[in-house]
Amino acid sequence: MIDLSRRDVMMAAGGLAALTLPGADVRAQPGRKLGYAIVGLGGYGLGKIIPEFANCTHSRLAGVVSGDRAKAERVAAEHNLPARSIYSYDNFDRIADNPDIDIVYVCLPNAMHAAYTIRAAKAGKHVLCEKPMAISVAESEAMIAACKAANRKLMIGYRCHFEATNLEAMRRARAGEIGKLRYFRSEHAYPQGDPSQWRLKRALSGGGSLMDYGIYALQAARYMTGEEPIAVYAHESTDRSDPRFHEVEDQIEFQLEFPSGVIGSCLSGYSANQNHVLLLGDKARIEMEPATGYAGHRLWVGNRRDTEITPRPGPGKTQWAGQLDHLAHCVIEDREPIVSGEEGLRDMRIIEAIYRSARERTRVVLA
Ligand code: NDP
């Protein structure tokens with residue numbers, strides 16, 4: 001079993017406690033791993049998620065959904081999946097008839113998240129959907145409603161909530177180790193090359209670096225402080241003559257105002273390389289760099305970078321195994337995931353406010 005107790009206490013203390021849904025009717029048979037179908041065999045679904053089932057204790061690969069039949073057959077063969085567990089986007093809804101598949105993991109371009117989450121819920125499957133949850137608040141609400149109507153769990157792929165260094169930093173911030181929190185800063189940026197990729201096409205991405213990387217800074221601002229922002233102010237800087245940025249933003253800087261007086265200052269970008277979180281208290285500071293990457297996280301607590309901390313182990317062998325097993329565990333125990341659809345919706349509301357603030361050059365108050 002994964003150790004959720006420490007995490008649940010932290011989330012409750014921070015005001016991010018999850019809601020509880022009515023009982024689900026799917027229970028795992030003892031010893032049975034829950035079956036995931038991966039939708040979208042791209043860099044993340046195929047390159048990162050599928051290999052992680054080897055590190056899981058409650059989860060296994062049980063199906064693949066792809067527009068590329070040959071690739072899907074190759075992956076299925078590598079993982080001993082039967083032909084009936086290979087789906088295309090057209091016949092995806094037939095997944096309803098496949099008892100091996102309990103959970104659908106949506107690893108598609110952002111603008112496809114809502115449609116496949118809703119189709120999966122209608123097919124009676126629980127859903128793990130990648131970040132950003134969708135490309136609008138309206139879509140996010142529809143996804144939550146569809147999962148509620150089908151009595152299925154919905155979790156968002158916020159893997160940092162299962163990553164040991166981030167959990168350690170959160171725990172120390174919440175325990176008051178650096179005193180009263182005053183200031184949060186985070187820069188998340190990664191250079192993009194090919195102008196034709198979906199990330200740079202608004203119809204598929206819904207937006208630029210904010211949707212992709214800035215969301216990590218926003219998430220960290222919320223889980224490190226344990227507070228919800230009450231207002232945002234944003235400023236965008238994009239070279240629109242650059243063929244990569246004809247449709248979406250490159251740099252966007254956003255300030256977050258928190259009720260306690262903490263100021264959050266975040267930068268998101270597609271033309272630099274930075275992955276950093278800094279939290280200042282009135283007694284000391286917490287710093288992570290790289291903060292939210294795949295590996296190599298480092299954490300310092302104290303003054304400047306004089307004391308490096310080795311985190312306690314996280315809930316899974318890796319952040320991905322922790323994430324996959326968490327949802328399986330939530331289904332088995334009929335518990336709400338710690339990063340539920342509602343958590344993704346909170347981010348989408350703030351993201352829409354950030355874009356509005358940048359567009360209108362005004363401070364936007366969050367309801
Ligand atoms: P890729 O472009 O590498 O893969 C996307 C896959 O989606 C494609 O390989 C394809 O799979 C399928 N697809 C279906 N329709 C389209 C289309 N019109 N254009 C492009 N692809 C299509 O993207 P990523 O895997 O990097 O990203 C997928 C999702 O995962 C995004 O939402 C992203 O934000 C998220 N992500 C999350 C990360 C995290 O750390 N949490 C890290 C990286 C990504 P097929 O050929 O099988 O049909």
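Values in this document were obtained by computation on a predicted structure and should not be read as measured data. As the structure lists them, so they are numbered: ligands from 1, and atoms in each ligand from 1.
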### Query
What residue and heavy atom of the protein are closest to atom 46 (O) of ligand 1, and at what distance?
K71 NZ, 2.8 Å
### Task
Please name the pair of heavy atoms, one in W198 and one in S205, separated by the smallest distance, quoted to 0.1 Å.
O-CB, 3.6 Å
### Query
Where the closest heavy atom to atom 9 (O) of ligand 1 is concerned, which of G47, G293, G42, S88 has it?
G42
### Query
Do H126 and R152 come close enough that some side-chain heavy atom pair is under 4.5 Å?
yes
### Task
Could you tell me whether some N/O pair between G67 and ligand 1 is separated by less than 3.5 angstrom?
yes
### Query
Do the rings of Y44 and Y105 sit parallel, tilted or perpendicular, given the 30° and 60° boundaries?
perpendicular
### Query
For atom 1 (P) of ligand 1, which candidate among W198, Y213, Y44, Y294 holds the nearest heavy atom?
W198
#### Entry: R94, CZ: over 12 other non-hydrogen atoms inside 6.0 angstrom
no
### Task
Could you establish whether Y216 and ligand 1 come within less than 4.0 Å of each other, counting only heavy atoms on the residue side?
yes
### Message
Are any of the N/O atoms on D68, whether in the backbone or the side chain, positioned under 3.5 angstrom from an N/O atom of ligand 1?
### Response
no
### Query
At what distance is the nearest protein heavy atom to atom 17 (C) of ligand 1, and which residue and atom is it?
P109 CG, 4.0 Å
### Nearest option to atom 28 (C) of ligand 1, as decided by whichever heavy atom of C107, G157, G43 sits closest
C107
### Query
Looking only at heavy atoms of M112, does any of them come nearer than 4.0 Å to an atom of ligand 1?
yes
### Task
Please confirm whether H113 comes under 4.0 Å of ligand 1, counting heavy atoms of the residue only.
yes
### Top protein contact for atom 11 (O) of ligand 1, by heavy-atom distance
L41 N, 3.3 Å
## Note on the structure
min-distance protein heavy atom vs atom 37 (C) of ligand 1 -> E130 OE1, 3.1 Å
### Task
Counting heavy atoms only, name the option from Y158, Y116, Y89 that's nearest to atom 12 (C) of ligand 1.
Y89
### Task
Return the set of residues passing ring-ring contact (aromatic ring centres under 6.0 Å, His included) with F53 (not counting sequence neighbours), or none when no residue passes.
Y36
### Task
Mark yes when over 12 heavy atoms from residues, nucleotides or ligands other than K48 sit less than 6.0 Å from its NZ; otherwise mark no.
yes
#### Entry: Protein contact of atom 18 (N) of ligand 1 - nearest heavy atom, named by residue and atom, plus distance
L204 CD1, 3.8 Å
### Task
Look at the rings of H326 and F162 and say which category their plane angle falls in: under 30° parallel, 30 to 60° tilted, over 60° perpendicular.
tilted
### Any donor-acceptor N or O pair under 3.5 Å, side chains E139, H113
no
### Query
Quick one: does R199 get within less than 4.0 Å of ligand 1, heavy atoms only?
yes
### Query
Among all protein non-hydrogen atoms, which one is nearest to atom 40 (O) of ligand 1, and what is the separation to 0.1 Å?
R159 NE, 2.6 Å
### Task
Sort out for me which residue in K33, R84, R32 forms a salt bridge (charged side-chain N to carboxylate O under 4.0 Å, His left out) with D100.
R84
#### Entry: Residue and atom name of the nearest protein heavy atom (relative to atom 34 (O) of ligand 1), distance in Å to one decimal
K131 O, 2.8 Å
### Query
Would you say L108 and ligand 1 have an N/O pair spaced under 3.5 Å apart?
yes
Less than 3.5 Å apart, which donor and acceptor atoms pair up between the side chains of residues 275-285 and the rest of the protein, not counting sequence neighbours?
unit_1 : atom_1 : unit_2 : atom_2 : d
N275   : OD1    : A291   : N      : 2.8
N275   : OD1    : T292   : N      : 2.8
N275   : OD1    : T292   : OG1    : 3.4
N275   : ND2    : T292   : OG1    : 3.2
H276   : ND1    : E187   : OE1    : 2.9
H276   : NE2    : E287   : OE2    : 2.6
D282   : OD1    : K180   : N      : 2.9
R285   : NH2    : E287   : OE1    : 2.3

### Message
Taking the basic N atoms (NZ, or NE/NH1/NH2) and the acidic carboxylate oxygens, is any pair closer than 4.0 Å for K131 and D212?
### Response
yes
### Message
With a 4.0 Å cut-off on N to O distance, would you call E177 and R172 a salt bridge?
### Response
yes
### Message
Which option wins on minimum heavy-atom distance to atom 45 (P) of ligand 1: S205, C129, S66?
### Response
S66
